[in-house]
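Contents: one structure, followed by commentary.
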Amino acid sequence: MIAATVGSAVGLGNIWRFPAVAQANGGGAFLIIYIGCVILLGIPVMLAEFSIGRAGKSDAIGSMKSLGAGKGWRSFGGLSIMAAYLILSFYMVVVGWTVEYLWESITGELYANVGPDMKSTFAGHMKEYISDTWTPMVATVIMIVINIGVLLGGVQKGIERLSNWLMPVLFVLLVVFCIRALSFEKALEGYTFFLRPDWSVVTSGTFISALGQAFFSLSLGMGVLVTYSSYFPGDTNLTKTAVTVSLLDLLVAVMMGLIIFPAVMSFGLNGEGIEGATLVFVTLPEVFMQMHGTQIWSILFFLLLAVAALTSTISVAEVAVACIRDRFKVSRLKAVLIVMLPLFVISPICSLSQGALSGVTIFGLSIFNFLDTLATNVLLPVVSIGLCIWLGWFAPKGLLSDQLSNAGSLKTRLALPIRFIIRWIAPLLILTVFICGFL
Ligand code: PFF
């Protein structure tokens, strides 16, 4: 089960989103704030979700209900599923890009006409691809269909098992790329940007971005971990699990930074107006170009990334399907269709917002970026505040300490500080960051 939790957590969030957000927020200082968010808030909020799920034995709404939460509190469970859904809608588009890059790596098209100026070749290629109307949309739709197939075919377990094998391979691959990046011409400048904090670029927005990224990457506030932990056996050490999952997830993100930023500096992408969302798709092919066996590395990487992303999308969709089945007592087929069919409309709109619909903005953001910001920087923190307040103050007495200590059989020195964080620090700090981020 720990492997499945890692499977849900490690996905495009670490590999695609983290470097993009880190770049947009100035590098080093962001990294420190991000690590702070993961340790101080991410781990305790994860434990809050684990406790609610293992005690309530159902999805986010059902668990809270069975633990006696009123309708108002349960609506946070509902909001978490909504956040997951919005994330799923634009995440599918990026999964589509990944699969397209996998395909182009196999056919060799991606590396066919690379001129001496790699940067503009790959940047131009990505820009042209995502702003095209049909190709990215077709890839997105194919991914939705594959997800439906997996959900209906009941092969999730198989995919999970597959990913348990492939995740360590992905990890090893990242280590290889990290080592390769060490010898890039301007590697040092890359490390400096990523590791040396420049506090002058920090604003309240940096904090909300770091918080949102931490929650996105750890799959927090999406109801996923509540549902997963409802399958945890009674003797699972929740604290140890949360720390392991969070640190592994953090490690993958940091490794990505150690690959991307040396490449960004060495190949002169910095300040080139490469939009965050496309950063990885431009930089990584450049890294592969620097290695012998370019195509093989590229195929391997995009294949593993696609599998990692698939385990994440399936985990989120499955939670929504389980929830619909529970609430409305409908068949699995109906529930899958209710969850997945709207994506055929929303995801293509997200895809188009990179091209044909790029002129349509909401609060100055493209539709893609608006949904990302709304779900990640607004809904995930709001849900987490709600869950922490309910668990810390209104849940049945002793629930949290029972869960953290497995009904007294585990001695953990962390129980007290974690309880304090869940009751006081997490709600107040998340609320402060949240409010300041919007002032
Ligand atoms: N933790 C996942 C990731 O970092 O990729 C978050 C996630 C987002 C999972 C969207 C699933 C999903 F559909």
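Order of appearance sets the numbers: ligands from 1, and atoms from 1 within every ligand. Since the model is a prediction, treat every value here as computed from it, not as a measurement.
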One finds that the ligand 1 atoms under 4.0 Å from a non-hydrogen atom of Thr313 are 13 (F)
Proximity to ligand 1 by part of Ser8, non-hydrogen separation under 4.0 Å
backbone
Using distance alone, determine whether Phe216 and ligand 1 share an N or O pair under 3.5 Å.
yes
Quick one: look up the protein heavy atom nearest atom 10 (C) of ligand 1 and list residue, atom name and how far away it is.
Ile87 CG2, 3.1 Å
List the residues meeting side-chain contact (heavy atoms from CB on, under 4.5 Å) with Pro233, not counting sequence neighbours, and say none if there are none.
Asp235, Thr236
Taking salt bridge (Lys or Arg N to Asp or Glu O under 4.0 Å) as the definition, give me every residue that meets it alongside Asp59, ordered by chain and number, with sequence neighbours left out.
Arg327
Enumerated ligand 1 atoms positioned under 4.0 Å from heavy atoms of Gly11
3 (C), 4 (O), 5 (O)
Give the residue, atom name and distance (to 0.1 Å) of the protein heavy atom nearest atom 13 (F) of ligand 1.
Leu88 CD1, 3.2 Å
for atom 5 (O) of ligand 1, nearest protein heavy atom and its distance come out as Tyr91 OH, 2.5 Å
So, the side chain of Ser266 versus the backbone of Ala263: is there a donor-acceptor pair under 3.5 Å, distance only?
no
Please find out if less than 6.0 Å separates the ring center of Phe216 from that of Phe18.
no
Which residue and non-hydrogen atom of the protein lie closest to atom 12 (C) of ligand 1, and at what distance in Å?
Val316 CG2, 3.5 Å
Counting from 1 in the order shown, the ligand 1 atoms closer than 4.0 Å to a non-hydrogen atom of Leu12 are 5 (O)
State, without any angle test, whether Ser219 and Ser8 hold a side-chain donor-acceptor pair at a distance under 3.5 Å.
yes
Once the angle between the rings of Phe368 and Phe90 is folded into 0 to 90°, is it parallel (under 30°), tilted (30 to 60°) or perpendicular (over 60°)?
tilted
Atom 1 (N) of ligand 1: which of Ser312, Gly13, Ala9 has the nearest heavy atom?
Ala9
Short side-chain donor-acceptor distance under 3.5 Å, Asp372 and Thr376
yes
Atoms in ligand 1 with a heavy atom of Ser217 nearer than 4.0 Å:
1 (N), 4 (O)
